[in-house]
Q: 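What follows is a single structure, and I will ask about it in a moment.
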Amino acid sequence: MLQLNYIRENKELVIERLAIKNFDASIIVDEIIELDNLRKSTQTVLDNTLSEGNKLAKEIGKLYSTGQREKADEIKVQTGELKKKAKELEQKLNDVVANLNEKLVELPNIPHPSVPKGNTDADNELIHEEGSMPQLHENAIPHWELASKYSIIDFDLGSKVTGAGFPFYRGKGARLQRALINFFLDEALEQDYLEYQPPLLINADSGYGTGQLPDKEGQMYYAGEDDLYLIPTAEVPITNIYRNVILKEKDFPIKNVAYSSCFRREAGSYGKDVRGLNRLHQFDKVEIVQIQHPKKSYETLEIMKDQISDLLRKLELPFRIVRLCGGDLSFTSALTYDFEVYSAAQKMWLEVSSVSNFENFQANRMKLRYKDEGGKSQLAHTLNGSALALPRIVAALLENNQTEEGISIPAALREYTKFDMIN
RNA sequence: GGAGAGUUGGCAGAGUGGUCGAAUGCGGUGGUCUUGAAAACCAUUGAUCCUUCACGGGAUCCAAGGGUUCGAAUCCCUUAUUCUCCGCCA
């Protein structure tokens with residue numbers, strides 16, 4: 001969330017910038033500042049009341065130890081009243097703080113100056129495109145047909161056992177998954193990331209820390225009996241490692257990578273673009289997360305962008321990079337690059353990765369800080385990106401590499417798959 | 001799942017109702033000494049919030065939340081979590 005002081009000092013700017021995200025903050029910002037004023041004044045009165053009570057309590061202690069019982073009892077009457085008053089003030093303060101917090105978590109992150117205006121993905125800014133479009137043979141078919149032709153992914157079986165969007169991968173399909181995961185992890189290790197295997201369920205505090213709660217509550221699977229959420233991305237557990245942590249400047253950059261299954265309810269997204277692997281409830285992803293010094297986070301974002309580009313290059317997939325417009329930018333992000341791979345049989349671009357700088361938005365929620373040179377606590381910056389998400393990569397690989405003889409595996413992957421063709 | 005014992009500052013660890021934000025050790029930082037380093041010695045060393053131009057003053061925090069009390073790290077309740085034993089189990 002945004003820092004209170006920042007909102008106070010840059011009220012007009014906040015309103016103006018959030019408008020790029022199509023968020024009208026004009027009313028809520030005033031409410032927030034007003035609540036904060038109330039919070040301050042209430043705390044001042046409460047502190048003074050408690051201070052007085054503390055003084056009297058000490059006096060009573062002294063009087064008891066010197067045997068002046070009666071005098072002590074007189075003072076007790078006063079402390080009783082102070083106590084009552086303090087309790088009321090405390091209640092009020094709690095209410096105000098809760099109210100304030102409720103409003104604060106509703107404010108999205110402020111977009112970076114480079115973020116273009118716009119409402120939908122049509123307004124995203126194309127910043128890079130590379131790779132040659134595959135020329136498919138006449139009988140080329142989309143990946144869901146290839147999947148059943150070669151018996152490598154079974155969507156119907158998934159529906160039987162679980163439900164739509166939970167496919168089985170089988171034979172070379174399963175081995176291709178495993179190969180991609182290992183390939184992505186190894187590539188990240190080459191770049192000095194530390195590998196983690198995170199829990200797949202998280203508590204509500206973690207959900208708030210990275211911003212899935214309360215914004216995306218309905219998009220996560222929820223295990224009610226234990227009050228836990230299935231992770232929509234490894235970003236959540238991996239970033240929350242640093243919740244309530246104070247780092248040292250020399251700790252930067254922190255570079256973590258994790259493979260995990262991801263679970264998304266995708267409530268409300270029906271109709272087109274959900275066939276086959278295009279949109280699943282459970283999918284696999286390798287995620288890279290960095291914690292960085294505020295001054296270096298945008299430099300780091302570019303590096304992460306290059307790393308992801310390199311993966312797609314090695315997989316020989318034609319791809320393009322877009323800078324998300326305000327309307328397409330997520331609640332928590334300040335700047336996001338989306339990577340899209342061309343899926344030749346579907347004749348469309350599929351999003352395979354998002355890499356984002358959250359600046360201190362998540363860090364503020366998580367209280368993720370570092371000590372600066374002057375010994376003061378400052379909020380760190382968090383970044384993450386998919387490197388990469390499997391299903392659409394698999395879709396593109398199957399479609400783009402199909403031949404009359406079968407589907408050929410790109411050279412970089414063969415040492416992982418240990419086969420060259422799916423046939 | 002059952003029984004018992006824990007949870008204190010970066011770490012280890014004392015503290016069982018007032019003088020405790022908390023002994024001591026280690027670690028960190030600064031300094032003395034040294035050609036330099038180590039050792040030794042000296043000093044310093046938590047977070048958040050309110051208030052103040054500033055110096056400073058104040059409040060809160062001993063797993064989390066609630067309670068008892070004039071006063072709680074210390075007593076009571078709830079929850080989380082760790083360890084040991086038993087049970088179950090991949």
Side-chain angles (χ1 to χ4, degrees), chain A residues 1-9 32-105 197-209 213 223-229 237 240-252 254 261 291 360 363-380:
Chain A
M1 65 194 165
L2 302 179
Q3 293 180 94
L4 252 170
N5 279 340
Y6 185 85
I7 296 173
R8 293 186 80 100
E9 285 160 24
I32 284 170
I33 292 173
E34 212 168 291
L35 277 169
D36 193 40
N37 289 337
L38 184 58
R39 180 194 123 253
K40 286 183 176 187
S41 59
T42 308
Q43 172 146 9
T44 304
V45 181
L46 172 63
D47 281 1
N48 290 339
T49 309
L50 288 173
S51 177
E52 218 172 308
N54 286 344
K55 260 184 227 150
L56 291 178
K58 271 186 190 151
E59 242 172 84
I60 290 170
K62 264 184 211 148
L63 291 173
Y64 270 130
S65 64
T66 53
Q68 297 173 270
R69 263 195 175 286
E70 282 172 26
K71 236 177 183 174
D73 288 339
E74 270 172 46
I75 299 178
K76 271 196 196 181
V77 179
Q78 288 180 56
T79 57
E81 274 164 32
L82 283 173
K83 212 175 149 187
K84 213 170 131 195
K85 188 176 164 197
K87 200 148 212 182
E88 279 166 19
L89 285 165
E90 217 167 296
Q91 184 60 48
K92 184 179 169 193
L93 184 64
N94 284 344
D95 288 348
V96 171
V97 168
N99 211 327
L100 178 60
N101 209 43
E102 229 170 82
K103 293 241 187 308
L104 271 175
V105 296
Q197 269 198 27
L200 303 182
L201 285 90
I202 48 120
N203 57 30
D205 282 347
S206 295
Y208 277 98
L213 293 174
E225 194 160 354
D226 295 295
D227 196 20
L228 296 172
Y229 298 83
N240 273 283
I241 292 171
Y242 305 95
R243 175 151 47 82
N244 288 319
V245 166
I246 300 180
L247 299 164
K248 301 192 178 87
E249 264 188 89
K250 63 174 188 209
D251 295 333
F252 294 129
I254 288 173
S261 291
I291 316 289
N360 63 25
N364 193 29
R365 289 189 172 208
M366 284 191 294
K367 303 275 168 282
L368 160 51
R369 292 159 295 179
Y370 69 94
K371 291 276 189 198
D372 67 15
E373 283 167 19
K376 276 191 75 179
S377 294
Q378 305 286 353
L379 293 172

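Lettering of chains follows the sequences in order, A, B, ..., and the numbering in each one begins at 1. Both backbone and side-chain heavy atoms feed into the values below; hydrogens, waters and symmetry mates do not.
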Q: Could you check which nucleotide pairs with B/rG10 in any of the strands shown, counting Watson-Crick or G-U wobble with both distances under 3.5 Å?
A: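 When the pairing criteria are applied, B/rC26 turns out to be the nucleotide that pairs with B/rG10.
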Q: Rounded to whole Å, how long is the line connecting atom NZ of A/K248 with atom P of B/rG27?
A: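 It is 14 Å, rounded to the nearest whole Å.
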Q: Look at A/R369 and B/rA47 and indicate whether a side-chain polar atom (N or O) is within less than 4.0 Å of OP1 or OP2.
A: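 Looking at the OP1 and OP2 atoms of B/rA47, neither is under 4.0 Å from any side-chain N or O of A/R369.
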Q: Can any side-chain N or O of A/N360 pair as donor or acceptor with the backbone N or O of A/A380 at less than 3.5 Å?
A: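 No, the answer is negative, given that no donor and acceptor are paired below the 3.5 Å cut-off.
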Q: Measure from NZ on A/K376 to P on B/rU48 and round the result to the nearest Å.
A: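 Rounding to the nearest Å, NZ of A/K376 and P of B/rU48 are 9 Å apart.
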Q: Taking atom P of B/rU45 as reference, at what distance in whole Å does atom CD1 of A/I246 sit?
A: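 Answer to the nearest Å: 17 Å.
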Q: Once you round it to whole Å, what is the distance between C1' of B/rU52 and NZ of A/K40?
A: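 In whole Å, B/rU52 C1' lies 13 Å from A/K40 NZ.
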Q: Using a 4.0 Å cut-off on protein heavy atoms (strictly under), produce a 5'-to-3' string for nucleotides 59-78 of chain B with B for base contact, S for backbone-only sugar-phosphate contact, and - for none.
A: SS------S-BBS-------
Q: In this structure, how many angstroms lie between the P atom of B/rG10 and the CG atom of A/N244, rounded?
A: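 Answer to the nearest Å: 12 Å.
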Q: To the nearest Å, how far apart are A/D227 CG and B/rU81 C1'?
A: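 Taking CG of A/D227 and C1' of B/rU81, I get 16 Å after rounding.
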Q: Can you check the A/L89 CG to B/rC50 C1' distance for me, whole Å?
A: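 Those two atoms, CG and C1', are 13 Å apart.
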Q: Indicate yes or no: at least one non-hydrogen side-chain atom of A/E249 is less than 4.5 angstrom from one of A/D372.
A: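 Yes, side chains in contact.
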Q: May I ask you to evaluate whether A/R39 reaches the phosphate of B/rC49, defined as a side-chain N or O under 4.0 Å from OP1 or OP2?
A: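 Checking A/R39 against B/rC49: no side-chain N or O falls below 4.0 Å of OP1 or OP2.
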Q: Which atom pairs, one a donor and one an acceptor, fall under 3.5 Å between side chains of residues 67-74 of chain A and the rest of the protein, sequence neighbours left out?
A:
unit_1	atom_1	unit_2	atom_2	d
A/Q68	OE1	A/T66	OG1	3.0

Q: Does the side chain of A/Q3 come under 3.5 Å of the side chain of A/N364 through a donor N or O and an acceptor N or O?
A: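 No, because no side-chain N or O of A/Q3 sits under 3.5 Å from a partner of the opposite role on A/N364.
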Q: Please work out if A/S377 contacts a base, only the sugar-phosphate, or nothing of the nucleic acid, heavy-atom cut-off 4.0 Å.
A: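 Since only primed, P, OP1 and OP2 atoms lie under 4.0 Å of A/S377, the category is sugar-phosphate.
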